[in-house]
Structures are given as C-alpha cells and as structure tokens.
Amino acid sequence: MPELPEVESVRRQLDPGLSGRTVTDAWYDPIPAMPRQFLDVERVVDRKIHSVGRRGKFLISPLDEGLEVVMHLGMTGSFSFETNDPYVPYVRARLWLDDDRVLAFRDVRRFGRMAVVDAGRYEAIPTLAMLGPEPLSDDFDPDEFARVLARTKSPIKPYLLSQRPVAGVGNIYADEALWLARIHPTSRRVGRVRAHALHAAIRTVLEDSIDREGTTFRDYVMVNGDSGRNADFLIAYGQEGRPCPRCTTSLRKIVLGGRGTTYCPRCQRA
DNA sequence: CACGCCTCCTGTGCGC
DNA sequence: TGCGCACAGGAGGCGT
C-alpha cells in the first residue's frame with residue numbers, strides 16, 4: 001500500500017531523525033526464504049547518514065564513502081524509533097544510532113527491502129534502475145509522457161504499475177488518476193490529449209494525498225505512528241458499487257494484471 | 001526484448 | 001464455532 005505519498009510522508013519524518021546520525025550497529029532477521037530482502041546491510045555500520053531522500057517508492061539515504069542505503073516499505077513496512085514498549089512483533093531490522101536511538105523496521109509480510117549499494121549503482125534493484133521520472137518534478141514532462149505511452153502495447157494501468165513511465169504510482173493512485181483523467185484501465189491506446197490529462201491527474205492525486213499524509217487502510221503508518229488521512233477522499237479505489245461522483249453510474253471492479261481495479265464504466269471509455 | 005503471469009509473504013475476512 | 005480459501009499488492013523472476 002505504501003505508494004509515493006505514503007513514502008514521502010515517511011521520508012519527511014525520517015529525515016530529521018536520521019540526518020547527521022552515524023550508525024553504530026545493525027541487525028536484520030536473516031530469512032533463508034527471502035535472501036534478497038536485506039542486501040549488504042552491515043556496510044551501513046560506522047557510516048554517517050547525510051539525509052533521507054526518495055525516488056518513487058524508494059527511500060534513498062546518502063552515506064559516507066560514496067555509499068547509499070536504499071529502503072523499500074513493500075506492502076506492510078514501517079519505520080519507528082524504538083521505545084520501551086514491551087514487545088513489538090514483526091521487527092525485521094534495527095539500526096542503532098550515535099544518539100542512542102534505535103530505528104526499527106517493522107514488516108509483517110516481508111516484502112520490504114533494505115540494501116547498501118555504491119551510490120547510484122542499482123543493478124541489484126532492477127525497478128529502481130529502470131525507474132521512470134519523478135512525477136512531481138520537472139523531469140515529468142507531458143509531451144515525453146505521451147510519447148512513452150504511445151510506445152507501449154500494454155494496458156495502461158499495468159504499465160503505470162511497472163514504474164517505468166512514471167515513478168511512484170501504485171494500485172490506489174493508478175485507479176484514482178485513471179478515474180480523474182477518464183481513461184479506461186485496460187486502454188492500450190492513450191493518445192496525446194489523454195496522456196496530458198493523465199499526466200495532470202497523476203500529479204493531482206499524488207499532491208492531494210501528500211497534503212493528507214497518505215492513505216491508511218491498515219498497515220501504513222508514519223514514523224510517529226500516525227495514520228494518513230487520505231482514505232476518506234478516495235473516489236475509485238475500493239469504492240466498488242458506489243455511484244460515480246461525475247455521472248452516478250455504479251463503479252465496477254475487475255481484476256487486471258492480477259490487481260483489483262475499480263473504475264467507472266460510463267465515463268472511463270476504452 | 002517487452003510483456004504477462006506466477007511467486008514471495010502473512011493476516012484478514014468471508015462463505016459454508 | 002471452525003475451517004479453508006481468496007484476497008490484499010509491492011517488486012522480482014521467468015517463460016514466451
């Protein structure tokens with residue numbers, strides 16, 4: 001569930017707590033079944049964290065010595081600074097800091113990831129290596145977006161989820177943006193005009209959600225434990241059977257690329 | 001080589 | 001009440 005607005009909200013709380021801190025020790029839960037969940041994490045020890053940045057859904061922190069730590073929340077990941085609470089289940093990794101605080105990475109489903117890499121070397125993280133432009137930056141250009149969409153034969157929604165045409169859009173905001181731009185999720189031909197509408201819609205739904213600190217259904221919380229406030233504002237995602245706010249047609253749910261997909265069959269034309 | 005499908009993981013909620 | 005199963009959806013990998 002963490003998509004760009006949720007990761008950005010986490011980043012904003014993580015940055016002041018981690019910037020300038022040196023990691024004094026690191027631990028992670030070694031899972032034979034998922035050997036790639038943690039990659040070279042021990043290299044973070046004795047390194048100073050300069051800042052906490054973000055690309056798409058990835059948190060990226062520059063360290064000393066030309067290193068970076070790359071973190072991904074997966075489906076259920078969350079960060080917190082440990083307190084004296086008796087027992088917090090599903091903590092998969094901990095970083096001890098030089099101000100005596102301990103950063104805990106909690107992740108029920110183990111889809112999250114943490115890796116230390118040479119800065120900018122993302123061969124071990126293919127989605128990051130192929131990541132599309134940052135949607136809220138000038139790198140996300142409407143005309144270029146239209147050209148990229150024109151080149152693919154994939155249905156638009158699964159293509160958005162690939163992170164290649166634009167970074168950070170997941171299942172929730174794909175449904176929201178497609179609804180706003182009036183594009184059918186299975187559409188294989190998105191022309192220039194609709195590409196421009198989708199470009200604007202993606203920015204709108206992401207910015208609005210960031211303003212509300214993300215969408216919480218169950219697992220997503222920020223570093224301070226608070227939930228995001230965007231769930232009450234969703235129009236399409238999870239709203240199957242409710243009337244479309246534009247045309248009152250009942251919203252329909254289908255499975256597309258293995259993902260639940262909700263849209264308005266009347267105003268989102270194929 | 002782009003694309004579509006399966007898999008990883010675990011808790012939840014539903015139908016029977 | 002209990003059981004079994006579909007479902008949730010991030011990204012990685014593999015077959016076509």
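Chain A is the first sequence line, chain B the second, and so forth, proteins listed ahead of strands; every chain is numbered from 1.
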What is the separation between atom [atom1] on [X] and atom [atom2] on [N], rounded to the nearest whole Å?
| X | N | atom1 | atom2 | value |
| --- | --- | --- | --- | --- |
| Met71(A) | dA11(C) | CE | C1' | 17 Å |
| Leu161(A) | dG4(B) | CG | P | 12 Å |
| Phe38(A) | dC8(B) | CZ | C1' | 14 Å |
| Asn171(A) | dC7(C) | CG | P | 14 Å |
| Glu3(A) | dA11(C) | CD | P | 9 Å |
| Met114(A) | dA11(C) | CE | C1' | 16 Å |
| Met75(A) | dA11(C) | CE | C1' | 12 Å |
| Ile125(A) | dG13(C) | CD1 | C1' | 16 Å |

Could you tell me whether the phosphate oxygens of [N], OP1 or OP2, come under 4.0 Å of any side-chain nitrogen or oxygen in [X]?
| X | N | answer |
| --- | --- | --- |
| Lys57(A) | dA11(C) | yes |
| Lys253(A) | dA8(C) | yes |
| Arg259(A) | dC7(C) | no |

Presence of donor-acceptor pair under 3.5 Å, side chain of Arg109(A) and base of dA8(C): yes
When Arg110(A) and Pro158(A) are each assigned the nearest nucleotide of DNA chain B, the 5'-most assignment goes to Pro158(A)
Note: for Ser154(A) and Tyr90(A) on DNA chain B, the residue whose nearest nucleotide lies more 5' is Ser154(A)
Looking only at dT10(B), dC3(B), dG12(C), the nucleotide nearest the Arg164(A) side chain is dC3(B)
When you measure from the side chain of Thr152(A), which nucleotide among dC3(B), dG13(C), dG10(C) comes out closest? dC3(B)
Distance between [atom1] atoms of [N] and [M] (Å, rounded):
| N | M | atom1 | answer |
| --- | --- | --- | --- |
| dC6(B) | dA6(C) | P | 14 Å |
| dA11(C) | dC1(B) | P | 23 Å |
| dC9(B) | dC14(C) | P | 15 Å |

Please tell me if the side chains of [X] and [Y] come closer than 4.5 Å, counting only heavy atoms from C-beta onward.
| X | Y | value |
| --- | --- | --- |
| Arg94(A) | Leu103(A) | no |
| Leu73(A) | Val7(A) | yes |
| Val117(A) | Tyr122(A) | yes |

Ignoring hydrogens and angles, write down the donor-acceptor pairs under 3.5 Å from the side chains of residues 247-266 of chain A, residues two or more places apart or on other chains.
from, atom 1, to, atom 2, distance (Å)
Ser250(A), OG, Gly241(A), O, 3.3
Thr261(A), OG1, Lys157(A), NZ, 2.9
Thr261(A), OG1, Arg259(A), O, 3.1

Any base atoms under 4.0 Å from Pro155(A), or only sugar-phosphate, or nothing? Heavy atoms, all strands. sugar-phosphate
What verdict does the salt bridge (charged side-chain N to carboxylate O under 4.0 Å, His left out) test give for Arg54(A) and Glu134(A), after you've listed the backbone C-alpha separation in whole Å, the side-chain angles of each residue and the deciding distance to 0.1 Å? CA-CA 9 Å; Arg54(A) 181 190 56 73; Glu134(A) 197 60 32; 2.5 Å; yes
